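This report refers to the structure that appears directly beneath it.
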Amino acid sequence: MANMAQLSTAVYQQLRTLPTGCVTSYGQLALQAGYPGYARQVGAILRGLPHDSDLPWHRVLRADGRLPFTAGTTEFDEQKIRLLKEGIQVDGDRVSRRYFRSCAVS
DNA sequence: ATTGTGACCCTTC
DNA sequence: TGAAGGGCCACAA
């Protein structure tokens, strides 16, 4: 089990540290927040974010690098635009893995 | 108590 | 690369 209240808090805090130009996955985010195995709940949390939130929700993708929304939907376009605006190359409905959290030099 | 439902993930072909 | 199958966990009905 887990206290969802602090899970969301931990997730918010963790997400806040994700630098511009970097992306991560739901699973990684959950892990870094201290809740391994809670990827789905992370999704549920982001789903509940107000549309005008300051948090970089768009930097969270699936583990395989694809966007979580079906191509064509407004949500999909919104996220894609935000990513491109940060200089993250989006190829169709996915992003190259090198953008994943090791923004550090390679 | 059971069942279905996700902005999910991983291992194996 | 990509599909399939199974695992995962909180929540609502």
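All values reported here derive from a predicted model rather than from experimental measurement.
Under the rule for a side-chain contact (heavy atoms from CB on, under 4.5 Å), the partners of A:Leu49 that lie at least two apart in sequence or sit in another chain are A:Tyr12, A:Leu46, A:Ser53, A:Leu55, A:Trp57. Not counting sequence neighbours, the partners of A:Asp64 by the side chain to side chain donor-acceptor pair (under 3.5 Å) test are A:Arg66. With sequence neighbours excluded, no residue forms a salt bridge (Lys or Arg N to Asp or Glu O under 4.0 Å) with A:Glu75. Here A:Ala71 pairs with A:Phe76 under the side-chain contact (heavy atoms from CB on, under 4.5 Å) rule; sequence neighbours left out. Residues passing the salt bridge (Lys or Arg N to Asp or Glu O under 4.0 Å) test with A:Arg94: none are found, sequence neighbours excluded. Every residue meeting the side chain to side chain donor-acceptor pair (under 3.5 Å) condition with A:Gln28, not counting sequence neighbours, appears here in chain and number order: A:Thr24. With sequence neighbours excluded, no residue forms a side chain to side chain donor-acceptor pair (under 3.5 Å) with A:Ser8. By the side chain to side chain donor-acceptor pair (under 3.5 Å) test, A:Arg97 is found to be paired with no residue, residues two or more places apart in sequence or in another chain being considered.
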- Base-contact (B) and sugar-phosphate-only (S) positions in nucleotides 7-13 of chain B, heavy-atom cut-off under 4.0 Å, - elsewhere: BBSS---
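When the C1' atom is used for both C:dC11 and B:dA1, the distance is 15 Å, rounded to whole Å. If you take atom P in C:dC8 and the same atom in B:dT12, they sit 15 Å apart, rounded to whole Å.
When DNA chain C is scanned in the 5' to 3' direction for atoms under 4.0 Å from non-hydrogen atoms of chain A, the outermost contacting nucleotides are C:dG7 to C:dC11.
Within the nucleic acid shown, A:Ala30 has no heavy atom closer than 4.0 Å to any nucleic acid atom.
Of all the residues in residues 7-18 of chain A, not one reaches under 4.0 Å from DNA chain B with any non-hydrogen atom.
Grouping the Ile, Leu, Val, Met, Phe, Trp and Tyr side chains by contacts below 4.5 angstrom, directly or via other members, places A:Leu31 apart from A:Leu18.
Each salt bridge (charged side-chain N to carboxylate O under 4.0 Å, His left out) pair with one or both residues in residues 40-62 of chain A, not counting sequence neighbours, appears once here: A:Arg59-A:Glu86.
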